[in-house]
Amino acid sequence: MNPKIKPFLKWAGGKSQLIDEIEKNLPYDIDICTTYIEPFVGAGALFLHFIENRMFDRYIINDINSKLINLYKVIRDAPAELIDGINSLKIKYIEADEFHREKQFYTIREAFNGECDEVTQAVYMVFLNKTCFNGL
């Protein structure tokens, strides 16, 4: 497997390394299905694999983590704003010394756990996922 589309998050229980095995165990008549429903999308490795291979006409994703679902909605509805926000945080983080990086991480984590608009929350989620210990 050499996917072009990869999950953009690190996620506990991610399926990236299991896709070949999962695909081998799909029902033989999977091609008659037109809709893929994913109740626990997480980082979306299987979902992205199916999109990349155009396996279904329609995709419905869900997860109990409302902040994760918000991120997917922002990717769908405001990708440019998300990318700009991530790039802005990345620059500040890279330019900071170790002390200020740690301070920035905890400040963003506190803001993420508080109230903020959808795009900011999505930016913070990606930032925290990429800078915390193994995405956990």
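One-based numbering along the sequence shown.
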ring-ring contact (aromatic ring centres under 6.0 Å, His included) partners of Phe40, counting only residues at least two apart: none
Residues Lys15, Ile22; criterion side chain to side chain contact (heavy atoms under 4.5 Å, CB included); working and verdict: CA-CA 9 Å; Lys15 306 292 183 285; Ile22 291 169; 4.2 Å; yes
Under 3.5 Å: donor-acceptor pair, side chain of Lys130, backbone of Leu128: no
Minimum-distance pair of heavy atoms, taken over all atoms of Leu71 and Val126: CD1-CG2, 3.8 Å
Interatomic spacing from CD1 in Ile19 to NE2 in His49 - rounded to 0.5 Å: 5.5 Å
Separation between CG of Asn53 and CG of Leu48, rounded to the nearest 0.5 Å: 11.0 Å
Listed partners of Asn65 passing side-chain hydrogen bond (donor to acceptor under 3.5 Å, both in side chains), at least two apart: none
Partner residues of Tyr72 under the side chain to side chain contact (heavy atoms under 4.5 Å, CB included) criterion, sequence neighbours left out: Phe8, Val41, Phe47, Ile61, Leu68
Shortest non-hydrogen contact between Gly42 and Trp11, atoms and distance: CA-NE1, 3.5 Å
Taking every non-hydrogen atom, the tightest pair across Ser16 and Pro7: OG-CG, 3.5 Å
All pairs passing salt bridge (charged side-chain N to carboxylate O under 4.0 Å, His left out) where residues 22-32 contributes a residue, at least two apart: Glu21-Lys24
Shortest non-hydrogen contact from Leu9 toward Asn129: CA-OD1, 3.4 Å
All side chain to side chain contact (heavy atoms under 4.5 Å, CB included) counterparts of Pro39, not counting sequence neighbours: none
Shared-cluster residues of Ile60, by chain and number - hydrophobic side chains joined below 4.5 Å: Ile37
Shortest non-hydrogen contact from Gln121 toward Lys67: NE2-CE, 3.4 Å
CA sep, side-chain torsions, deciding dist, call: Asp63, Glu38, side chain to side chain contact (heavy atoms under 4.5 Å, CB included): CA-CA 8 Å; Asp63 202 287; Glu38 175 59 69; over 6 Å; no
Contacts of type side chain to side chain contact (heavy atoms under 4.5 Å, CB included), residue Glu98, not counting sequence neighbours: none
By ring-ring contact (aromatic ring centres under 6.0 Å, His included) - contacts of Phe50 (at least two apart): Tyr36, Phe56
Please tabulate, one pair per line, all N/O donor-acceptor pairs under 3.5 Å involving side-chain atoms of residues 76-88, not counting sequence neighbours.
{"from": "Asn87", "atom 1": "ND2", "to": "Ile83", "atom 2": "O", "distance (Å)": "3.4"}

Donor-acceptor pairs under 3.5 Å, side chain of residues 99-108 to any protein atom, not counting sequence neighbours: which ones?
{"from": "His100", "atom 1": "ND1", "to": "Asp97", "atom 2": "OD1", "distance (Å)": "2.9"}
{"from": "His100", "atom 1": "ND1", "to": "Asp97", "atom 2": "OD2", "distance (Å)": "3.2"}
{"from": "Arg101", "atom 1": "NE", "to": "Tyr93", "atom 2": "O", "distance (Å)": "2.8"}
{"from": "Arg101", "atom 1": "NE", "to": "Ala96", "atom 2": "O", "distance (Å)": "3.3"}
{"from": "Arg101", "atom 1": "NH2", "to": "Ile94", "atom 2": "O", "distance (Å)": "3.0"}
{"from": "Thr107", "atom 1": "OG1", "to": "Lys103", "atom 2": "O", "distance (Å)": "2.9"}

Distance in Å, Asn25 CG paired with Ile30 CD1, rounded so as to fall on 0.5 Å steps: 11.5 Å
Flag side-chain contact, heavy atom, 4.5 Å: Phe112 against Thr120: no
Pairs flagged by salt bridge (charged side-chain N to carboxylate O under 4.0 Å, His left out) wherever residues 105-120 is involved - sequence neighbours left out: none
